[in-house]
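All remarks here apply to the structure that follows.
Every chain is numbered from 1, with letters handed out A, B, ... down the list of sequences. This structure is a prediction, so every number in the text was calculated from the model and none was measured.
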Amino acid sequence: MTVRVRFAPSPTGYLHIGSARTALFNYLYARHVGGKFLLRIEDTDLQRSTDESTRSILDGLAWLGFQPDEEIVYQSNNADKHRAAALKLLAEGKAYRDFTPKEEPGDKNVKQAIVERARQQGGDKNLRDNPYRDLSKEESDHRAAAGEPFAIRLKVAETGKTSFEDAVYGLNERSYSETEDLVLLRSDSSPLYNLAVVVDDIEMGITHVIRGQDHINNTHKQILIYEALGEKVPEFAHLPLILAPGGKKLSKRIHGEIVSMTTYRDAGFLAAAFRNFLALLGWSPKTEQEIMTMDELIESFTLEGIHRNNAIFNFDANDKKRWTDDKAIWMNAEYIRTMPLEELIPFAKTELQSNKLWREEYDEDEKAWFEQTVDLIRQRFFTLKDFSNQGRAFFSEDFDYDPAAIEKNLGKEPNLRIWLPELADVLEQTEDFTHDNLQEVVKQFCEAKGTKLGILLNGARVLLTGQGVGPSMLAVLETLGKEKVCMRLRSQVVWNL
RNA sequence: GGUCGGUUCGUCUAGGGGUCUAGGACACCGCCCUUUCACGGCGGCGACACGGGUUCAAAUCCCGUACCGACUACCA
């Protein structure tokens with residue numbers, strides 16, 4: 001039997017980092033076992049679902065590289081099938097009409113109201129005391145025919161339990177007494193989540209449901225629906241959650257953009273790097289290898305490697321350097337400096353293009369120069385953005401000087417203001433503008449001035465690149481070329497800041 | 001409140017009765033390399049939540065406590 005899994009987000013916001021990981025695990029599992037990866041948009045909550053969210057989620061998935069193997073299913077298109085399933089259960093006596101008037105939502109938030117109610121009920125709640133549960137068929141039909149509104153609820157047996165063997169959490173059991181007669185169809189005849197999911201999963205031939213651990217309770221409810229429908233229950237694998245620092249839920253409301261996938265794309269992350277990082281959050285290949293290609297991830301991915309405890313996505317909103325998880329940043333940097341240059345070039349190009357720093361020559365006459373330059377500057381970069389920020393001076397005359405670098409590298413030696421333009425004069429006379437010769441020239445210059453090489457070159461770094469850090473200065477001189485080097489060394493701009 | 005689940009360095013994790021004076025990665029710190037640096041090399045700091053059992057032996061098995069989380073809807 002071919003394995004079929006699905007990722008089923010509801011379009012009520014952007015692609016959440018936790019959802020992205022769920023998608024990743026579904027994708028990896030499908031590929032590992034040679035199955036199909038499907039996508040279903042759960043847009044049955046018309047109030048909250050938006051097309052914009054759907055687009056954003058699709059964008060996020062596309063960026064990560066998870067293309068579904070079959071056409072995308074939109075759950076709202078299947079409402080008739082969901083309804084038919086509920087009606088079938090009603091006809092078979094496995095569900096009943098509940099004529100209790102619909103409760104109007106109170107003024108406080110729903111969640112809070114639910115918790116309060118649950119607290120009041122305490123441990124001795126009886127979930128089988130609905131007066132309509134055992135209404136005779138005649139009377140039920142009669143009242144329905146008379147136009148009285150009703151919801152359809154599943155008739156859960158008095159005694160017994162649901163149980164399933166979770167691929168991650170192991171045996172899960174839940175007494176029927178803990179599960180209410182769940183509503184299948186609202187009084188406006190629209191289907192509810194649990195019904196819709198089960199009917200769609202059956203329809204799509206889903207064999208393995210891989211989703212967040214927050215769905216474990218739903219799984220018990222869904223199993224009841226599968227059984228009532230007389231359908232085979234799929235395998236389940238629940239994933240630990242990704243939490244915010246402090247162990248709290250990672251939410252859009254509190255944590256903002258940090259939880260959105262598009263944030264990472266826009267911040268200059270490589271999809272491959274972020275995917276790799278995400279894979280290691282809640283799953284382990286059980287080897288010491290951490291940098292893994294997609295093929296390697298697919299090869300080593302198993303549900304057994306997923307653990308049960310929630311992971312914390314670490315970041316500090318007050319620290320600019322740690323705006324997101326350290327390890328994610330490190331991994332992105334690692335990818336940037338170690339990936340094959342030819343794979344990095346297109347990303348660098350796109351980054352420069354979107355900042356109007358790209359010149360067509362980089363694809364033609366200056367192709368070799370461009371590639372060498374990218375290779376040179378990538379070493380200390382963290383994100384693709386660095387090509388247009390820190391690396392800007394390599395591609396444009398219009399760049400900023402880092403104030404910290406000015407203070408550190410220029411502030412210590414007042415003579416630099418005189419020496420650097422003098423160095424320009426010397427370099428202008430230098431015919432062989434390559435590394436080894438430049439080293440000689442600069443060395444001699446320093447000896448003549450009685451200063452250290454480091455003082456001079458680091459001062460030059462600020463004038464030439466605006467930065468305090470970067471690759472070997474001799475390589476920078478060679479890369480920038482005589483003309484730019486001399487011009488920038490003579491510039492008075494920085495001294496007047 | 002109830003049900004269910006979890007707890008190894010700050011974070012991600014390995015380890016599932018003896019090989020654990022608990023391994024790796026990120027972060028942090030130090031040293032080295034170098035003209036500087038956020039590259040690289042070497043090293044350091046740093047954890048089995050707590051209490052009882054079981055056992056010759058427990059991070060690993062059992063029980064309890066604490067803490068954390070999820071769920072508890074005519075939301076998804």
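B:G1 is paired with B:U72 under the criterion used here, namely a Watson-Crick or G-U wobble arrangement in which both key atom distances are under 3.5 Å. Nucleotide B:U7 forms a pair with B:A66, judged by Watson-Crick or G-U wobble geometry with both contacts under 3.5 Å.
To the nearest whole angstrom, the two P atoms, one in B:G30 and one in B:C37, are 12 Å apart. Only the P atoms considered, B:C61 is 11 Å distant from B:G18, to the nearest whole Å. Remark: the separation of the P atoms in B:A25 and B:G41 is 10 Å, to the nearest Å. Comparing B:C68 with B:U54, their P atoms sit 31 Å apart, to the nearest whole Å. A gap of 38 Å separates the P atoms of B:G53 and B:C71, to the nearest Å. For the P atom pair drawn from B:A57 and B:G52, the interatomic distance equals 15 Å after rounding to whole Å.
At a cut-off of 3.5 angstrom, counting only N and O atoms as typed in the model, there is a donor on one side and an acceptor on the other between the side-chain of A:Arg48 and the base of B:C75.
To the nearest angstrom, C1' of B:A27 lies 13 Å from CZ of A:Phe277.
Checked against A:Asp181 for a salt bridge (charged side-chain N to carboxylate O under 4.0 Å, His left out), the options A:Lys155, A:Arg97, A:Arg133 give a single hit: A:Arg133.
Between A:Tyr226 and A:Phe236, the ring-plane angle classifies as perpendicular under the 30° and 60° cut-offs.
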